[in-house]
Amino acid sequence: MRPESLPDTLPRRSVLAKTGGCVLASATITGAANAADQLDSGGVSQESFPIREGTSEETTVYVTTADADGPTAFVIGGMHGNEVAGYTAAGKVSNWAIEAGTLVTIPEANAVAIERGTRNDQDGNNLNRVFPEWSTPETKLGRAIWNVVSKYQPDVVIDLHESIGIYGGNASNGVGQAIFTGDGTNEATQVTDFVNRNYVDDPDLAFQVGGFSSPDARPQDLLVHKAARDLGADAFLAETYSGVALEQRVQWHTAIVERLLRDEVSPNGIISESEPSIESQSQPQPTKTAGDESGSDSVKPTAKITTLPTWTSVSSLDKGQTITLDASQSNAPPSGIDCYEWKIGPDGTFEKAGAKVDVTVEGANYPVTVRVRGNNGTSDTDEVTLSTGC
Ligand SMILES: [Zn+2]
């Protein structure tokens, strides 16, 4: 049982490739292209096949291959049948187009547990505890999943889960809102920074990075442990907190996967995009001005405004409140950024003010624009509108 029907065709790759900032949205477009059109224009193809065929555990493996050579990523959800956001997000990921390499997805790993709505199957088997390192998985389903992993030898493995508590540095009160990894701390930190900045309003819900437990510590025999230790994969286990709305949790999971698979985050990335994708329900999308079309000269800077602290919402401020805006995340051309100029308020003019600026909200919809200039004379702007809500 899939949470949503899989379209016969992939979304148009051209949609994914050209609409910077809309990767996640475009990934949910269904039935927009016929297969021939897709293959002609996109350079991606998809096949699928069942594992545990003919049994109650039967589930589908999706393999998307880009024309361009590249790394292989493996994304799995539904290891635990009551973790709805994980398998819903993995189902969305299975429909994504990619720019390079191969994307292998098993959205509903434990079909029996999903059908039952329980963590484990009817025999009490916890699917994410049957993958001992350096030996054969302990159940038929575990072996079938590991056969897929072994066949494709992924460079990246991402497993999507949920927790009833929030990670607080140890697992005693839950492991939600965290990405756990072995050697991927750098990538996971970049991704949590990005997701917290763009998708998390409440600091209590900010994602953290945690480490895998050592081989002799509990919990043992997780799929990601085995993938990291047996295959040397960059492995990540993402956990959302099940106490927030499903739609939000799914968005977090898809955002995490999407960032982890970007070639700007990881050498094993299979998604390329010059613009960061920002699809936040709570923050207005920064309005790009003319001259900032994606695909333009790569040596010009890319302006980017973020808030300090990063979880501050720009859409629910009080009149008179002061907020710090930060443009230091702007991308510099090779020669560096020469200066930052800020235009504050509807009647403002560009004045030099450094990478960060404090702004006091003086109107209901208060625009702020930054212009960054590269040392080579090129420039770019980014704008946010500070709002007092209503
Ligand atoms: Zn789980």
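We count ligands from 1, going down the list as the structure has it; atoms in each ligand are counted the same way. Computed from a prediction, not measured in an experiment: that's the story for all the values here. Residues take their numbers from the sequence shown, with the count starting at 1.
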Residue and atom names of protein N/O/S atoms that fall under 2.8 Å from the Zn ion (ligand 1): His80 ND1, Glu83 OE1, Glu83 OE2, His161 ND1
Test: Lys343 cationic atom under 6.0 Å from Tyr366 six-membered ring centre, within 45° of axis: no
Side chain to side chain contact (heavy atoms under 4.5 Å, CB included), paired with Val209, selected from Asp193, Val191, Asn186, Thr192: Thr192
Listed partners of Asp183 passing salt bridge (charged side-chain N to carboxylate O under 4.0 Å, His left out), at least two apart: none
For Phe180, all residues meeting ring pair (Phe, Tyr, Trp, His ring centres under 6.0 Å), sequence neighbours excluded: Tyr167
Ion pair check, Arg259 and Glu264, cut-off under 4.0 Å: yes
Listed partners of Glu58 passing salt bridge (charged side-chain N to carboxylate O under 4.0 Å, His left out), at least two apart: none
